[in-house]
Every structure is written in structure tokens, then in C-alpha cells.
Amino acid sequence: MFFLLVVIYIAFIGLGVPDSLIGSAWPAIHSEMNIPVEAVSIITFIISGCTVLSSMFSTGILNKFGTAKVTAFSTAMTAAAMFGFSVAPSFWVMIPLAVVLGLGAGAIDSGLNNYVALNFKASHMNFLHCFYGVGVSFSPYVMSLALSNTGWRSGYRYAFYVQLGITVLLLVSLPLWKKSSSSQQADEEKGVNLTLSEMIKKSEVRKVWIIMLTTNAIEYACGVWGSTYLVNQKGFDVEHGALALTVYYVGMSVGRFVSGLLSNKVSTWKRIGLGAFILAPAIVIMLLPLSGAFTVVGLFLVGLGNGSIYPNMIHLTPHNFGKEVSQSVMGSQIAFAYIGVMLAPPMVSLISGVFGIKVYPILLAVLYAIMVISIKLFVNQLKKQNRYNANV
């Protein structure tokens, strides 16, 4: 079981690798291709939209083929998309590649999250997403090195090599899933496939959708626009803007790692509250007219506080809704998380196009307020239904 867990951790590195590439590379891409800076929202919208579709239909696919095979095939899809980005001659060629990337990411995210939520402790869920943070931290660092030397295409190519290696590892490790008795049990227990119309009738599900949407909107508004904000508003050059984004993702990884360490002493709901508490001063720093160095600190704290909220909410899914429907609710939660991913970059693009990039921190503050209110309402409802467990 230990070796299987290591493979799952590495698979989540692969899930994170593509997510931060576009944000760190975009200042160079839009200059080379002579396209508007706002065009990044088209790419992120397509990636996220396809991830939403993949997540929504993940329950049936995972029940039919199993988590192991779906994860391996989907990782191969993301690797192929990144190679395509590295050789894309124009912006329009990137669009179908974004479709492939999004479809692959959704199945990995939904399947592995539910598998870990059902079979492992909360610490492993946080460490799992910490490894996702390793992937998204690795990408902008590599991209900054590539931008300083050979260009953004090399950055995508290096990331492709990493993703290809992870794909090979997943294929070689397929027997581990069959040998694991826990894995066999998880594969044999087919979850109840709730329809979207059935889930939308449940007010507690709708509340958790909003939480997942807003926490991921904050994450990707920073991941996609953080570098551009530093370059266009704070005077950073392109290379340092990409490198500063690494600091943000390091903050996310540290937040998830620390949350995992605290999991045996501090309950999941308290760790969620701690993350939301750290986010408050982070947003304030972003709002204040401080130097670029302080803005980087603010981005680090956003990653530190917000980073632990998503995996801890994911871990609570079987506890909040029941194991028999956890895969369906998990898929819908991740779908709405990616709706947040899908909507946040174009929202920043649209509003900053009218008022300027200076309003970017205000949008983060609005998303934060909606998220905190939704968490409070969700907890209150669980308490009324006697499903709130403060000790999980």
C-alpha cells in the first residue's frame, strides 16, 4: 500500500505541472504571437470547461475502467497537450490542445481525490495536494529558467518530459492497484451515480459548490494573473514575474504540508478555519498600495491560507454526504471548482480591461468574502442535520 500511495502522490505532481505553465509563460507568449494579453482567458476557459465536463461524467467512467487505468490514460493526454503547446505555431492551434488538457485533468482529479478520501487519512489528502503544489511550483520555476535562456517553448518541452515520465510510471504501476486489497475493494464498490438534477435539489450540495468555486477562483486568479499583475502594475520584468509566481505556489504547498502535519491534532474544520483566517491579512496586503516585494509576500500568504481549504473540503466529502454518493458529489464539487477556475481569469480580464489591472486585488477580496460566508452557512446546515463532525 505504501508504494501505491507514492505513485498516487507522484500522479498528483503530474496533475499540477500543466496548471501553472500558462500563467507564468503568458507574458512571453502574447508578445511573441502578437495577441492581446486578455486572450489567456480563452485558453484557461476552455481548459477549465473541459475539466468540468470530465469531472461531471467521471463517476460512470471510473466505475467502468477503474481509477488506475483512467489516471494513466488521462496523464498521457495532458503530456501530449503540453508537447503540442511547445510546438504550437499560433494561438489558434493552442485551442484544441486546451481541450485535450482539460479532459485529461478532470478525470485524474475526481478519481484520485475520491479514492484517497475513502481509503486514507486526512493527512494523506493534504500531503496529496501538497504534491500537487510541488507540480505547480515546479512549472513556473522551470519556465523562468527557460525564459532566461531558450524561451517559453522550452519550458513547455521540459514539463512534457516530466509528464511523460509520470505516465510511464503509472503504466508500470498498474499491477500495484490489482495487488492492493484496499484498491480491489474500492474498485468493486460502485458508487451511486447521482444525476445533476438530483444533486442540485440538495441545498447543502449547492453551498459546497460555492465554496469550491470561490476557493479555486482565488487560486487561479492568482496563478493566471499574478505574474501579469506584477509585470504590468508593479514593474517586474517577465522573468522575475514568473519566478515570483513560484513563491505563490510554494506558499500553497507549505500550507497543505503543514495542514497534513496538523491533521492528527487539529480537526479538519479547524484547519479550514485557520486557512480562511490566514487569507484575511493576505488580501489586505494585496489591497494596500505597497511595493512589488510586499505583493509577492501577499501572494505567498494567499497560497498559504487558501491552499489547505480545497483538500480539506475534499476529504470531508464522504463524512458530509455519505460514502455511497461520495464519488458523484466529488465529481460535482471538482466540476464547480473548475467552473471557478474557468470564470476567474476572464472575470479578471473583463474587469481589468475596463478599470485597469489595479482592481485585481479587489476581485480577490470579493471572492474571499463569498467563500467565508458560504463556509459559515454550510457548517450551520450540517449542524442542523446532525452531520457536522468537529472531530474528523
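Values below: every heavy atom of this structure, side chains too, minus hydrogens, waters and symmetry copies. These numbers come from a predicted model, not from an experiment.
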Roughly how far apart are Thr78 OG1 and Ile108 CD1, rounded to 0.5 Å?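 So the gap between those two atoms works out to 5.0 Å.
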At what distance, to the nearest 0.5 angstrom, does CD of Gln333 lie from CG of Leu316?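 So the CD of Gln333 and the CG of Leu316 are separated by 9.0 Å.
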Are there over 12 heavy-atom neighbours, none belonging to [X], within less than 6.0 Å of that residue's [atom1]?
X      : atom1 : answer
Lys69  : NZ    : no
Asn149 : CG    : yes
His124 : NE2   : yes
Phe91  : CZ    : yes
Phe236 : CZ    : yes

Ring-plane angle category for [X] and [Y], please: parallel below 30°, perpendicular beyond 60°, tilted otherwise.
X      : Y      : result
Phe321 : Phe378 : parallel
Trp209 : Phe336 : parallel
Tyr161 : Tyr158 : tilted

Does any part of the side chain of [Y], heavy atoms only, come nearer than 4.5 Å to the side chain of [X], both counted from C-beta?
X      : Y      : value
Met77  : Leu101 : no
Tyr310 : Asn216 : yes
Phe294 : Leu288 : no
Val205 : Ile200 : no
Val366 : Met371 : no
Tyr156 : Arg153 : no
Leu5   : Leu128 : no
Ile278 : Val302 : no

Between [X] and [Y], does any side-chain donor sit less than 3.5 Å from a side-chain acceptor?
X      : Y      : answer
Thr268 : Asn312 : no
Lys207 : Gln381 : yes
Gln163 : Thr75  : no

For [Y], does its backbone N or O pair with a side-chain atom of [X] as donor and acceptor, under 3.5 Å?
X      : Y      : result
Ser263 : Gly260 : yes
Thr214 : Leu367 : no
Ser74  : Thr71  : no
Thr317 : Ile314 : yes
Ser259 : Arg256 : no

Measure centre to centre between the rings of [X] and [Y], then say whether the value is under 6.0 Å.
X      : Y      : result
Tyr229 : Tyr360 : yes
Phe127 : Tyr9   : no
Tyr220 : Trp225 : no

Quick one: closest heavy-atom pair of Leu382 and Trp269, and the distance? CD1-CZ2, 3.7 Å
Heavy-atom nearest pair, Ala28 first then Trp152, reads CB-CD1, 4.2 Å
Which salt bridge (Lys or Arg N to Asp or Glu O under 4.0 Å) pairs, counting each pair once, include a residue from residues 290-304, with sequence neighbours left out? none
Charged N-O contact under 4.0 Å between Glu204 and Lys384: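 Result for this pair is no, no salt bridge flagged.
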Stepwise side-chain contact (heavy atoms from CB on, under 4.5 Å) test for Ile309 and Met313: CA-CA 6 Å; Ile309 294 175; Met313 290 298 303; 4.2 Å; yes
Test side-chain contact (heavy atoms from CB on, under 4.5 Å) on Val208 and Asn320; report intermediate values, then the result. CA-CA 10 Å; Val208 84; Asn320 291 337; 5.6 Å; no
Please check if Ile218 and Leu287 belong to a single hydrophobic cluster, counting links between Ile, Leu, Val, Met, Phe, Trp and Tyr side chain heavy atoms closer than 4.5 Å. yes
Can you name the residues that form a ring-ring contact (aromatic ring centres under 6.0 Å, His included) with Phe300, not counting sequence neighbours?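 Partners of Phe300 by the ring-ring contact (aromatic ring centres under 6.0 Å, His included) criterion come out as none, since no residue qualifies.
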